[in-house]
Amino acid sequence: MVRLVADAMTRRVVYLPEDTPLDEAAQVMSDQGIGDVVVTQGPTMAGIVTDRDIVVRAIAEKLSPATTTLGAIATRELLMIEQSATVEEAVHAMRDRGVRRLLVCDADRKLVGILSLSDVALLPTSSAAA
């Protein structure tokens with residue numbers, strides 16, 4: 001059975017300004033039950049930060065979560081895939097680029113969700129489960 005990205009992605013996208021301190025971003029992630037936020041610079045998407053980024057790029061480097069901002073640790077290269085792509089295509093793109101998440105857009109390149117490896121892992125494995 002062919003699964004589309006639209007069937008597996010998380011539709012809730014949380015945006016935070018690049019000047020948001022990491023401790024505030026971590027609290028938002030905890031409160032929302034999410035592992036990433038899209039970082040904005042004014043009205044423009046400027047990057048993405050994951051809970052793992054906060055740990056590896058900030059805490060492990062002994063940066064202060066109260067004074068270090070999302071903009072300081074954000075991944076600036078935003079990788080997108082269309083929601084009409086297959087999950088297999090998305091997994092190949094993640095593997096090729098060495099990432100765990102892809103931003104998901106519609107045909108007009110408007111952000112509509114995020115696909116993570118954990119979203120893929122939670123998909124039913126048989127047609128009987130679907």
Side-chain angles (χ1 to χ4, degrees):
M1 171 181 222
V2 174
R3 301 239 184 225
L4 299 180
V5 168
D7 299 327
M9 70 183 190
T10 299
R11 294 185 184 278
R12 182 179 50 209
V13 178
V14 175
Y15 300 87
L16 290 175
E18 67 180 349
D19 61 354
T20 303
L22 298 183
D23 59 351
E24 289 181 26
Q27 188 62 56
V28 168
M29 289 182 199
S30 177
D31 292 348
Q32 297 287 324
I34 56 174
D36 51 64
V37 293
V38 174
V39 180
T40 59
Q41 184 175 44
T44 306
M45 288 189 303
I48 187 168
V49 170
T50 67
D51 48 5
R52 184 174 189 277
D53 293 334
I54 293 172
V55 171
V56 173
R57 295 181 185 168
I59 305 304
E61 297 296 322
K62 303 201 183 325
L63 300 177
S64 168
T67 59
T68 304
T69 64
L70 289 174
I73 68 163
T75 298
R76 298 293 178 166
E77 184 179 12
L78 296 174
L79 303 174
M80 297 185 92
I81 192 162
E82 282 199 29
Q83 64 183 346
S84 60
T86 66
V87 169
E88 183 178 354
E89 290 170 322
V91 169
H92 281 112
M94 288 181 198
R95 186 178 299 129
D96 291 346
R97 300 305 292 261
V99 298
R100 294 178 173 92
R101 288 173 173 80
L102 295 172
L103 299 177
V104 181
C105 64
D106 62 15
D108 296 325
R109 304 281 297 164
K110 179 182 174 228
L111 187 63
V112 294
I114 298 176
L115 181 72
S116 70
L117 281 179
S118 61
D119 294 329
V120 173
L122 293 173
L123 286 173
T125 56
S126 70
S127 58

S.K.: Atom CG of Leu122 and atom CG of Leu117: how far apart are they, to the nearest 0.5 Å?
M.R.: 11.0 Å

S.K.: Which heavy atom of Ala25 sits nearest to which heavy atom of Leu70, and what is that distance?
M.R.: CB-CD2, 3.6 Å

S.K.: Any side-chain heavy atom of Thr20 within less than 4.5 Å of one from Tyr15?
M.R.: no

S.K.: Does Arg100 have more than 12 heavy atoms from other residues, nucleotides or ligands lying within 6.0 Å of its CZ?
M.R.: no

S.K.: Does one hydrophobic cluster hold both Val87 and Met9, with members joined at side-chain heavy-atom distances below 4.5 Å?
M.R.: yes

S.K.: Below 4.0 angstrom, N of the basic side chain to O of the carboxylate: do Arg3 and Glu89 qualify?
M.R.: no

S.K.: Taking all heavy atoms of Ala93 and all of Leu102, pick out the closest pair and write down the distance.
M.R.: CB-CD1, 4.1 Å

S.K.: Do Pro65 and Ile59 have side-chain heavy atoms sitting under 4.5 Å apart?
M.R.: yes

S.K.: So if you build clusters from Ile, Leu, Val, Met, Phe, Trp, Tyr with side-chain heavy-atom gaps below 4.5 Å, do Ile81 and Val13 land together?
M.R.: no

S.K.: Run the side-chain contact (heavy atoms from CB on, under 4.5 Å) check on Val28 and Val14 step by step: do they pass?
M.R.: CA-CA 9 Å; Val28 168; Val14 175; 3.9 Å; yes

S.K.: Donor-acceptor check, side chain of Arg95 to backbone of Ala90, threshold 3.5 angstrom: yes or no?
M.R.: no

S.K.: Going from CE on Met29 to CG on Leu22, what distance comes out if it is rounded to the nearest 0.5 angstrom?
M.R.: 8.5 Å

S.K.: What's the separation between atom OG1 in Thr86 and atom NE2 in His92, rounded to the nearest 0.5 Å?
M.R.: 8.5 Å

S.K.: Will you find, in the side chains of Asp23 and Gln27, an N or O donor that is under 3.5 Å from an N or O acceptor?
M.R.: no

S.K.: Between Asp19 and Thr69, do the side chains contain a donor N or O and an acceptor N or O under 3.5 Å apart?
M.R.: no

S.K.: Do the side chains of Leu4 and Val104 join up, straight or via other hydrophobic residues, at under 4.5 Å, putting them in one cluster?
M.R.: no

S.K.: Between Arg76 and Ala46, what is the shortest heavy-atom contact and its length?
M.R.: CD-O, 3.0 Å

S.K.: Quick one, Val49 and Ile73 - any side-chain contact, counting heavy atoms below 4.5 Å?
M.R.: yes

S.K.: Hey, is the main chain of Gln32 close enough, under 3.5 Å, to the side chain of Arg12 for a donor-acceptor pair?
M.R.: yes

S.K.: Which of these passes side-chain contact (heavy atoms from CB on, under 4.5 Å) with Arg101: Leu115, Asp119, Ile114, Leu79?
M.R.: Ile114

S.K.: Of the non-hydrogen atoms in Cys105 and Met80, which two are nearest, and what is the gap between them?
M.R.: CB-CE, 3.4 Å

S.K.: Would you confirm whether Thr68, through its side chain, and Ser64, through its main-chain N or O, come within 3.5 Å as a donor-acceptor pair?
M.R.: yes

S.K.: Could you report the tightest heavy-atom contact between Pro17 and Thr40, atom names first, then the distance?
M.R.: CA-OG1, 3.4 Å

S.K.: I'd like to know if Val38 and Ile34 are part of one continuous hydrophobic network [Ile/Leu/Val/Met/Phe/Trp/Tyr, side-chain heavy atoms within less than 4.5 Å].
M.R.: no

S.K.: Check for a donor-acceptor pair, side chain of Asp108 on one end and backbone N or O of Lys110 on the other, with a separation under 3.5 Å.
M.R.: no

S.K.: If you measure from CD1 on Ile48 to CD on Glu77, what distance do you get to the nearest 0.5 Å?
M.R.: 12.0 Å

S.K.: Let me confirm one number: the CG-CZ distance from Asp36 to Arg52, rounded to the nearest 0.5 Å.
M.R.: 13.5 Å

S.K.: Identify the two heavy atoms, one from Gly47 and one from Ala74, that lie closest to each other, and give their separation to 0.1 Å.
M.R.: CA-CB, 4.4 Å

S.K.: Test of understanding: clusters of I, L, V, M, F, W, Y form through side-chain heavy atoms closer than 4.5 Å, transitively. Do Met45 and Leu16 belong to the same one?
M.R.: no

S.K.: Check whether the side chains of Thr75 and Arg57 place a donor and an acceptor atom closer than 3.5 Å, and report yes or no.
M.R.: yes

